**Student:** 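Structure below; questions to follow.
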Amino acid sequence: MSTNGSPPGPPRRTRSAVERFDVIVVGGRCAGSPLATLLSRAGLRVALIEQAVFPRPTLSSHLMEADGLLFLKRLGLLEAVEETGVRFMKRADTRLDDVRFTERFPLRFDDVGGAAFLRRHLLDSILLNGAIESGADVRTDTKVVELLWDDGRVCGVRTRTKGSEARLHAPLVVGADGRSSTVASLCGSRKYNVNRNQRSYYFTFFEGADPAYSDLFVFHRWGDRMVWAGPADHGLYLVGVSPEAHEREYFRRHTERGLLAHMRACEPTAAALADARIADRISGIVKFEGYFRQATGPGWVLVGDAGHFKDPSAGRGIGDAFLQVEALAQAVVDGLGGSPRHLDRTLRRWGHWRDRRFEGHYWLATTLGEAGALPPMVPEAVRALNERGETDRFLDLFSHRSRYYDVFPLRDLGVATGRLLLSGRAPRGPLIGQTARLLAREPRRRWINRHPALASSDLTSAPRAERGQPAPTDDRTTGPSPAPAGRTAPAPAPAPAPERHHERTGN
């Protein structure tokens, strides 16, 4: 019996035995594979289900910052990453309108670099191989077509592989399957604090870049333009651009010409690529939205882009997935050691932590991704940081080691506005208007962090089993089994202490 409302199809070959695991992870890219690795190393029986066959490209900024590289080092995968010829960037060339500086990334004693571009088909394969080596049951070319329910709880999945079906049972199903998450849809997880994109992004790889720029990360945002760039694996060099509002239709028709024009308008990329040529197809993301999704429910949890996605301008998709995974792994191990209610409480605390941990960076990415020029007090606040010798605080935003609200408190933005008024470098009337809008917007953002605005049109109706109809008798389970004796917490690090806030995510 289907629990997702799909009509019955033709008879299929189905495995007769029900397979049982401690955790089923759906999605095997930069969230799912490292989570499966950590849980398997902790002694859990883990099934990892991935629809694609790797290596396979996927839309991404391909960017990892210092914290993400350090996570790969703790995971024991850094050697495989280094074998791709990836370059670990040590310097950052940053421009925000008329504020520009080049500084070394603030590295900690065990960091390997400030940032790196690694093509996702390579990174995802490395992560998947790590899950295989950890002992996880990895199944690629396999699609989850249904969630199994028992007494209002998710208790497993039905999968399909080349016409053959299987039923896998587990006390916990993890959705790590991206923005179009099947698990999120079937669970009825709601989005909140949704922001529609105002910019589009295009990127590609060049070959033949000047080696003098092989350790330099570029991020320039001036006027309505944005360029980010740096060396990648196998001698390639990545460039990403964001068209101005009036250029969007032009970019659709003349993508390569538009990308090259923006690349040449940015001084460091024009110099690095003076004798280079495009080596790969141009990828782009035109329509998207930033969001948080309800993080967890009875027997399920979402991680990575399945549960939270922000504007790509900040380049934090991979690194933030790693942060979530490392905290979630510990929460899962702790939660499975008790009753189903204990598991639910533990995962809800992780969901609260996730929202608090990423709320500031969510709005930072939204601000960077707004159409038009930045509010002038933002570059001015960065100028003040640079003059005080505190540029590290700004650069640490890239590695999620400083908080947006600490680097850009309303007080400092007010001081920056005063500096601009006194200097006469910005027209007085427009500046006062922009300041008023910012001072009205920022408190609103902080308020909805505690009182999430649910997207009323994004609710998927719950499956019939969750609405009270019993699940098939041959597949019933009674909830999570107790943790086996001797189970250990996953390396490399414990979850950060959760922070409490009002729960308004539909639980």
Side-chain angles (χ1 to χ4, degrees), residues 23 25 27-44 46-50 52-58 60-90 105 107-140 174 176 178 230-234 236 238 303-305 315-330 332-333 399-401 488-495:
V23 182
V25 180
R29 292 191 182 269
C30 61
S33 283
L35 178 63
T37 297
L38 292 175
L39 295 178
S40 294
R41 290 177 181 175
L44 296 177
V46 180
L48 177 61
I49 311 300
E50 168 55 48
V53 176
F54 291 170
R56 182 171 180 174
T58 189
S60 174
S61 69
H62 307 280
L63 177 64
M64 292 179 289
E65 297 81 359
D67 62 317
L69 297 172
L70 188 57
F71 173 79
L72 292 174
K73 181 179 179 180
R74 292 195 297 269
L75 208 60
L77 299 178
L78 189 61
E79 182 177 350
V81 168
E82 290 174 328
E83 289 174 356
T84 67
V86 70
R87 298 302 300 262
F88 300 131
M89 293 172 275
K90 302 295 179 66
F105 278 108
L107 301 180
R108 299 179 178 178
F109 75 95
D110 50 353
D111 283 335
V112 297
F117 287 111
L118 177 59
R119 286 176 294 171
R120 282 291 301 277
H121 73 280
L122 298 173
L123 174 63
D124 293 342
S125 296
I126 290 170
L127 294 171
L128 189 76
N129 288 337
I132 294 171
E133 292 172 2
S134 74
D137 186 336
V138 176
R139 306 182 186 192
T140 59
V174 180
D233 57 89
H234 290 91
L236 297 174
L238 179 140
V303 68
D305 285 353
R316 281 296 313 180
I318 300 172
D320 284 355
F322 290 168
L323 281 173
Q324 292 178 43
V325 160
E326 201 161 22
L328 180 59
Q330 180 67 63
V332 169
V333 171
S399 295
H400 218 141
R401 289 172 172 173
T488 58

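All of these numbers come straight from a predicted model, not from anything done at the bench.
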**Student:** Is there a side-chain contact between F54 and H121, using heavy atoms and a 4.5 Å cut-off?
**Tutor:**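 Heavy-atom side-chain distance check fails, nothing below 4.5 Å.
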
**Student:** First locate atom OG1 of T37, then atom CG of L77, and finally report the distance between them rounded to the nearest 0.5 Å.
**Tutor:**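 One finds 6.5 Å between OG1 of T37 and CG of L77.
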
**Student:** Just do the side-chain contact (heavy atoms from CB on, under 4.5 Å) check on V325 and L323 with the steps written out, would you?
**Tutor:** CA-CA 6 Å; V325 160; L323 281 173; over 6 Å; no

**Student:** Can you sort out the partners of S60 under side chain to side chain contact (heavy atoms under 4.5 Å, CB included), two or more places apart, ordered by chain and number?
**Tutor:**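 For S60 the side chain to side chain contact (heavy atoms under 4.5 Å, CB included) partners, ignoring immediate neighbours, are H62, R120, I318.
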
**Student:** Is it the case that more than 12 heavy atoms not belonging to R29 sit under 6.0 Å from its CZ atom?
**Tutor:**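 Yes, the 6.0 Å shell around CZ holds more than 12 heavy atoms from other groups.
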
**Student:** Do you know the tightest heavy-atom contact between G28 and L128?
**Tutor:**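 For G28 versus L128, the nearest heavy atoms are O-CD1, 4.0 Å.
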
**Student:** Would you indicate whether the side-chain heavy atoms of V23 and V174 approach each other to under 4.5 Å?
**Tutor:**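 V174 reaches V23 side chain to side chain.
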
**Student:** Would you check, one step at a time, whether the test side-chain contact (heavy atoms from CB on, under 4.5 Å) holds for L118 with L63?
**Tutor:** CA-CA 7 Å; L118 177 59; L63 177 64; over 6 Å; no

**Student:** Holding to salt bridge (charged side-chain N to carboxylate O under 4.0 Å, His left out), I want the full list of residues that pass it with R316, two or more places apart in sequence or in another chain.
**Tutor:**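 R316: salt bridge (charged side-chain N to carboxylate O under 4.0 Å, His left out) contacts with E65, D67, D320.
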
**Student:** May I have the step-by-step check of side-chain contact (heavy atoms from CB on, under 4.5 Å) for M64 and F117, ending in yes or no?
**Tutor:** CA-CA 6 Å; M64 292 179 289; F117 287 111; over 6 Å; no

**Student:** Quick one: does F322's side chain get under 4.5 Å of L35's, heavy atoms only?
**Tutor:**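 No - every pair of side-chain heavy atoms lies 4.5 Å or more apart.
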
**Student:** Distance check, rounded to the nearest 0.5 Å: E326 atom CD versus L328 atom CG?
**Tutor:**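 Interatomic distance, E326 CD to L328 CG, rounded to 0.5 Å: 11.0 Å.
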
**Student:** Give, for atom CZ of F71 and atom CG of L78, the distance between the pair rounded to the nearest 0.5 Å.
**Tutor:**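 That separation rounds to 12.5 Å.
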
**Student:** Mark yes or no for whether H234, through its side chain, and G85, through its backbone, hold a donor-acceptor pair below 3.5 Å.
**Tutor:**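 No: the side chain of H234 does not pair with the backbone of G85.
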
**Student:** So which atom in S33 and which in L48 form the shortest heavy-atom distance, rounded to 0.1 Å?
**Tutor:**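 Scanning both residues completely, I find the closest heavy atoms to be OG-CD2, 3.7 Å.
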
**Student:** Taking Q324 for its side chain and V303 for its backbone only, find out whether a donor-acceptor pair lies under 3.5 Å.
**Tutor:**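 Such a contact is absent between Q324 side chain and V303 backbone.
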
**Student:** If you look only at pairs with a residue in residues 125-134, which of them pass as a salt bridge (Lys or Arg N to Asp or Glu O under 4.0 Å), with sequence neighbours excluded?
**Tutor:**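 As it turns out, there is no salt bridge (Lys or Arg N to Asp or Glu O under 4.0 Å) pair with a partner in residues 125-134 once direct neighbours are skipped.
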
**Student:** At their closest point, which heavy atom of R401 faces which heavy atom of A66, and how far apart are they?
**Tutor:**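 So the two residues come closest at NH1-CB, 3.7 Å.
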
**Student:** Do I132 and N129 make a side-chain contact, defined as non-hydrogen atoms from C-beta onward lying under 4.5 Å apart?
**Tutor:**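 Yes, side chains in contact.
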
**Student:** Considering all heavy atoms of both residues, which atom of C30 and which atom of D124 are nearest to each other, and what is their separation?
**Tutor:**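 Heavy atoms of C30 and D124 come nearest at N-OD1, 3.9 Å.
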
**Student:** Is there a side-chain contact (heavy atoms from CB on, under 4.5 Å) between V25 and V46? Walk through the geometry before answering.
**Tutor:** CA-CA 7 Å; V25 180; V46 180; 4.1 Å; yes

**Student:** So which heavy atom on F88 is nearest to which on G113, and how close?
**Tutor:**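 F88 and G113 have their closest heavy atoms at CB-CA, 4.0 Å.
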
**Student:** Measure the shortest side-chain to side-chain distance between R119 and P57 over non-hydrogen atoms and say whether it is less than 4.5 angstrom.
**Tutor:**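 No, too far: nothing below the 4.5 Å cut-off.
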
**Student:** Any non-hydrogen side-chain atom of D137 less than 4.5 Å from a side-chain atom of R139?
**Tutor:**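 Side chain of D137 against side chain of R139, heavy atoms only: contact under 4.5 Å found.
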
**Student:** Do L72 and L123 come within less than 4.5 Å of each other through their side chains, counting heavy atoms only?
**Tutor:**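 In short, these two side chains touch, coming nearer than 4.5 Å.
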
**Student:** Less than 4.5 Å apart, any side-chain heavy atom of K73 and any of D111?
**Tutor:**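 K73 vs D111: side chains apart.
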
**Student:** Hey, could you give me the CG/CG distance between L38 and L75, rounded to the nearest 0.5 Å?
**Tutor:**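 Rounded to the nearest 0.5 Å, the CG-CG separation comes out at 5.5 Å.
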
**Student:** Say you draw a straight line from CG of D233 to CG of L238; how long is it, rounded to the nearest 0.5 Å?
**Tutor:**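 Reported value, rounded in 0.5 Å steps: 10.0 Å.
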
**Student:** Looking at every heavy atom in both I126 and A80, which two are closest together, and how far apart are they?
**Tutor:**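 Shortest heavy-atom contact: CD1-O, 3.7 Å.
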
